[in-house]
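Here's the structure, in structure tokens; my notes come after.
Lettering follows sequence order; numbering is per chain, from 1.
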Number of protein chains: 2
Amino acid sequence: MPDAGMNVERPVAAIPLKVERQQLHDTVVGHLRRLIIEGVLEPGKKLNERELCETLGISRTPLREALKVLAAEGLVEISPNRGASIASMSETEIREAFEFMSGLEAFAGELACERISAEELAEIKSLHASMLTCKAQNDLPGYYQRNQAIHDLINQAARNATLRQTYVSLNWRIQALRFHSNHHVYKWDRAVHDHEEMIEALEARDGKRLSNILRHHLLEKRDAVLSMLQANTLKL
Amino acid sequence: MPDAGMNVERPVAAIPLKVERQQLHDTVVGHLRRLIIEGVLEPGKKLNERELCETLGISRTPLREALKVLAAEGLVEISPNRGASIASMSETEIREAFEFMSGLEAFAGELACERISAEELAEIKSLHASMLTCKAQNDLPGYYQRNQAIHDLINQAARNATLRQTYVSLNWRIQALRFHSNHHVYKWDRAVHDHEEMIEALEARDGKRLSNILRHHLLEKRDAVLSMLQANTLKL
DNA sequence: TTTTTGTTTTTTGAATGCAAAATACAATAT
DNA sequence: ATATTGTATTTTGCATTCAAAAAACAAAAA
């Protein structure tokens, strides 16, 4: 007889009932992922197990488990008997990653048009306004964060957990690039214009249009990142 | 000075130079994946580590590493301190998986139209013919295998490794369903007709059209699997 | 000097061991 | 009898250990 006479539920709002527990290896996955995305651990860098263990203050077992997971995600590469290293993407891989992302976002946009709620749409509009403020103040990190949040919200509005999982995972790999391509400032106005069109399409629930905008938006981002990366390479 | 005077390369054809080595945990991942996809390990089944170790003839360390990887893939679920079990999909998850797959295949089809080679197209046609033979002989496994191969070839023709990786991984999860939905015999003629249209579109390099066909093809498959599953559930 | 071969050191792969948590079970109280 | 608390057993999480492979280094030969 569950729930009978249980008047202790949801004391105030939607506080999740059970305590969140994490296994050490999960914590390590998150931690390492962050270090990779933030560019602390650079692409190609060899990961010495003993060394990393000491740094993180854990033993080899959970670290190795974490590395296997990150390898499955594509952030880390493991060669047998030779250890792990941070994955580095070739130009081709970068092209493909962005191409795939353009497909993912286009599809998510189409679904979002059918399923987005009024609240979510309002949230996106608000984020867009906030993004414009950041732009006016030349606040690049702020701009970037809002931009990311908008794309993320559209993706969530697609209401497809599997699609979302793939999106998030691919996004990590793409973000890992960001810190090695100089926080691309490129075609700022064009990007803002794209976003305005995106919102229009969303409001009109015009899936095909949103889909097209997102597709091209991402392909432009790809080109920007690629040219940044090439410029960087030349500098070295 | 590498390669100097090395006349021992490629004795006959394209034999890969270096010996393929596998780590134990990788072997185990593949092995378990197969067991899950083939339905030997049923959804929801609890995996006892000690037990599995004895069955597979390995120790717990590589097994646990393998389980983490499979969990990242979504074939296995791990709850902290409580062990692993074969993932089972809810109806919603199944809907979403197929919906996502429809998006993936549609996008892959569009790319494939731009990039497929004449040889690949011929291969697909040949597979289609072979599939028809299987149909005529009521060879369901054979039919299914060719069908799978055609979709796989289209996906490969998209020439995008990241997209392909996601496709393959999602396919595993979908295939794991197959053995619990009675090898759906559903709408056989309609499926064949779809395939003929797909080939037409590919030949015409009509990306949009192929994309649409694949999208609907997958959504029909979704409905077939869902109704099969519901029929199965009722039987129990 | 350069290349090759043999040896030492380091690093990784996998098994085992120990502690903590969960489950199963039994005993007591209601 | 049912519910609850306490105890024993099992199972999991993580650290450690041991063996195998790779890398680094040194010695010998060309």
Minimum-distance nucleotide (side-chain atoms of A:Leu24 versus C:dT11, D:dA15, D:dT12): D:dA15
Check the distance between C:dT16's P and B:Glu54's CD and give it to me in whole angstrom. 12 Å
Does B:Leu47 reach the side chain of B:Leu32, with side-chain heavy atoms less than 4.5 Å apart? no
Looking only at side-chain N and O atoms, does A:Asn81 come under 4.0 Å of OP1 or OP2 in D:dA20? no
So, are A:Glu99 and B:Arg115 salt-bridged, with charged N and O less than 4.0 Å apart? yes
Between A:Gln22 (CD) and C:dA21 (C1'), how many Å, whole number? 17 Å
Atom NZ of B:Lys68 and atom P of D:dT12 are separated, to the nearest Å, by 10 Å
Between CD of B:Glu49 and C1' of D:dC14 the distance, given in whole Å, is 12 Å
Classify B:Leu67 by what it touches in the nucleic acid, base, sugar-phosphate, or nothing, heavy-atom distance under 4.0 Å. nothing
Would you tell me whether A:Thr27 and A:Gln22 have side-chain atoms, one donor and one acceptor, within less than 3.5 Å of each other? yes
What integer distance in Å separates B:Ile78:CD1 from D:dT11:C1'? 14 Å
Reckon A:Arg21 has a side-chain N or O less than 4.0 Å from the OP1 or OP2 of C:dA22? yes
Is the closest side-chain donor-acceptor distance between A:Thr162 and B:Glu96 under 3.5 Å? no
With a 3.5 Å cut-off and heavy atoms only, can you find an N or O donor on one side and an acceptor on the other between the side chain of B:Ser59 and the base of C:dA14? no
Whole-Å distance between D:dT16 P and A:Ile58 CD1? 12 Å
From the set D:dT12, D:dC14, C:dT16, return the single nucleotide nearest to any side-chain atom of B:Arg50. D:dT12
Specify the separation, in whole Å, of atom CZ of A:Arg60 and atom P of C:dT11. 11 Å
For B:Glu120, does its backbone N or O pair with a side-chain atom of B:Glu123 as donor and acceptor, under 3.5 Å? no
At under 4.0 Å, does any side-chain N or O of B:Lys46 touch on OP1 or OP2 of D:dT10? no
Measure CG/A:Asn48 against P/D:dA24 and give the value in whole Å, please. 12 Å
A:Arg82 side chain near D:dA23 phosphate (N/O to OP1/OP2, under 4.0 Å): yes
